[in-house]
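Reviewing the structure listed below.
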Amino acid sequence: MARNMEVVTAQGAGWVELTNDDVTAITFQVVSGVAEIRRGTSASPDITLRGMVFSFSEGFLQRDLSTIAYGSGARIWAKAHAGRFAQVLVDHE
């Protein structure tokens with residue numbers, strides 16, 4: 001099911017899924033805090049893995065997953081940078 005301009009909250013060190021199904025493209029913007037973003041599968045990434053760091057107001061507009069990361073998987077995950085708090089606005093089909 002698509003997310004239509006939904007805010008997803010990440011707290012602590014765990015990963016949360018920004019997508020709720022396989023996607024080929026995504027729009028997202030950090031609306032609070034600092035977030036780490038990574039591409040993956042439907043399984044939550046290992047807590048020790050890192051992602052690209054995005055600060056408040058940063059993100060991607062209608063980006064194909066292949067331009068975000070070379071890794072495999074059709075899902076996008078986020079966690080709060082340094083285990084704090086972040087909110088990410090997400091839009092995808």
Side-chain angles (χ1 to χ4, degrees):
M1 174 177 279
R3 288 198 191 270
N4 184 11
M5 302 300 286
E6 293 180 36
V7 174
V8 177
T9 300
Q11 268 181 272
W15 290 98
V16 294
E17 189 175 352
L18 293 183
T19 53
N20 52 11
D21 203 350
D22 289 352
V23 298
T24 57
I26 189 169
T27 294
F28 70 86
Q29 181 179 33
V30 176
V31 295
S32 179
V34 178
E36 293 186 36
I37 308 291
R38 75 176 292 115
R39 183 177 175 181
T41 64
S42 60
S44 180
D46 186 279
I47 199 166
T48 62
L49 293 175
R50 301 295 307 264
M52 293 184 297
V53 177
F54 290 83
S55 297
F56 173 73
S57 82
E58 295 180 333
F60 286 138
L61 178 63
Q62 297 176 346
R63 271 317 254 290
D64 185 273
L65 263 56
S66 65
T67 67
I68 293 174
Y70 291 112
S72 63
R75 309 263 176 124
I76 298 292
W77 294 81
K79 72 176 178 178
H81 184 63
R84 297 195 173 131
F85 177 85
Q87 289 184 310
V88 182
L89 182 68
V90 181
D91 190 70
H92 68 77
E93 290 186 22

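The model shown is predicted, which means the values in this text are computed figures rather than measured ones.
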If every non-hydrogen atom of [X] is compared with every non-hydrogen atom of [Y], which pair is closest and at what distance?
X: D46; Y: W15; result: O-NE1, 3.2 Å
X: A86; Y: A35; result: CB-CB, 3.9 Å
X: D91; Y: M5; result: OD1-N, 3.1 Å
X: I47; Y: A13; result: CG1-O, 3.3 Å
X: V23; Y: H92; result: CG1-ND1, 3.2 Å
X: F56; Y: V31; result: CE1-O, 3.1 Å

**Asked** Considering residues, nucleotides and ligands other than R63, do more than 12 of their heavy atoms fall under 6.0 Å from its CZ?
**Response**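 Count over threshold, so yes.
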
Is [X] reaching over with its side chain to a backbone N or O of [Y], donor-acceptor style, under 3.5 angstrom?
X: R39; Y: Y70; answer: no
X: K79; Y: G51; answer: no
X: Q62; Y: T27; answer: no
X: W77; Y: E36; answer: no

Measuring from atom [atom1] of [X] to atom [atom2] of [Y], what distance do you get when rounded to the nearest 0.5 angstrom?
X: I26; Y: R3; atom1: CD1; atom2: CZ; result: 9.0 Å
X: S57; Y: Q29; atom1: OG; atom2: CD; result: 6.0 Å
X: E6; Y: Q87; atom1: CD; atom2: CD; result: 13.0 Å
X: I76; Y: F28; atom1: CD1; atom2: CZ; result: 7.0 Å

**Asked** In terms of hydrophobic clustering (I, L, V, M, F, W, Y; side-chain heavy atoms under 4.5 Å; direct or indirect links), are V30 and F85 co-clustered?
**Response**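 V30 does not cluster with F85.
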
**Item:** V90-V16 co-clustered via ILVMFWY side chain contacts under 4.5 Å
**Value:**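 Yes; tracing contacts between hydrophobic side chains, which count when under 4.5 Å, links both residues.
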
**L18/I37 under side-chain contact (heavy atoms from CB on, under 4.5 Å): CA gap, chis, key distance, verdict** = CA-CA 9 Å; L18 293 183; I37 308 291; 3.8 Å; yes

**Message:** Contact between M52 and I68 at the side-chain level, heavy atoms closer than 4.5 Å - yes or no?
**Reply:**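 When only atoms from C-beta onward are counted, I68 and M52 do touch, with a gap below 4.5 Å.
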
**Item:** Pairing of R75 and D22 as salt bridge, 4.0 angstrom limit
**Value:**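 Between D22 and R75 there is a salt bridge, with a charged N closer than 4.0 Å to a carboxylate O.
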
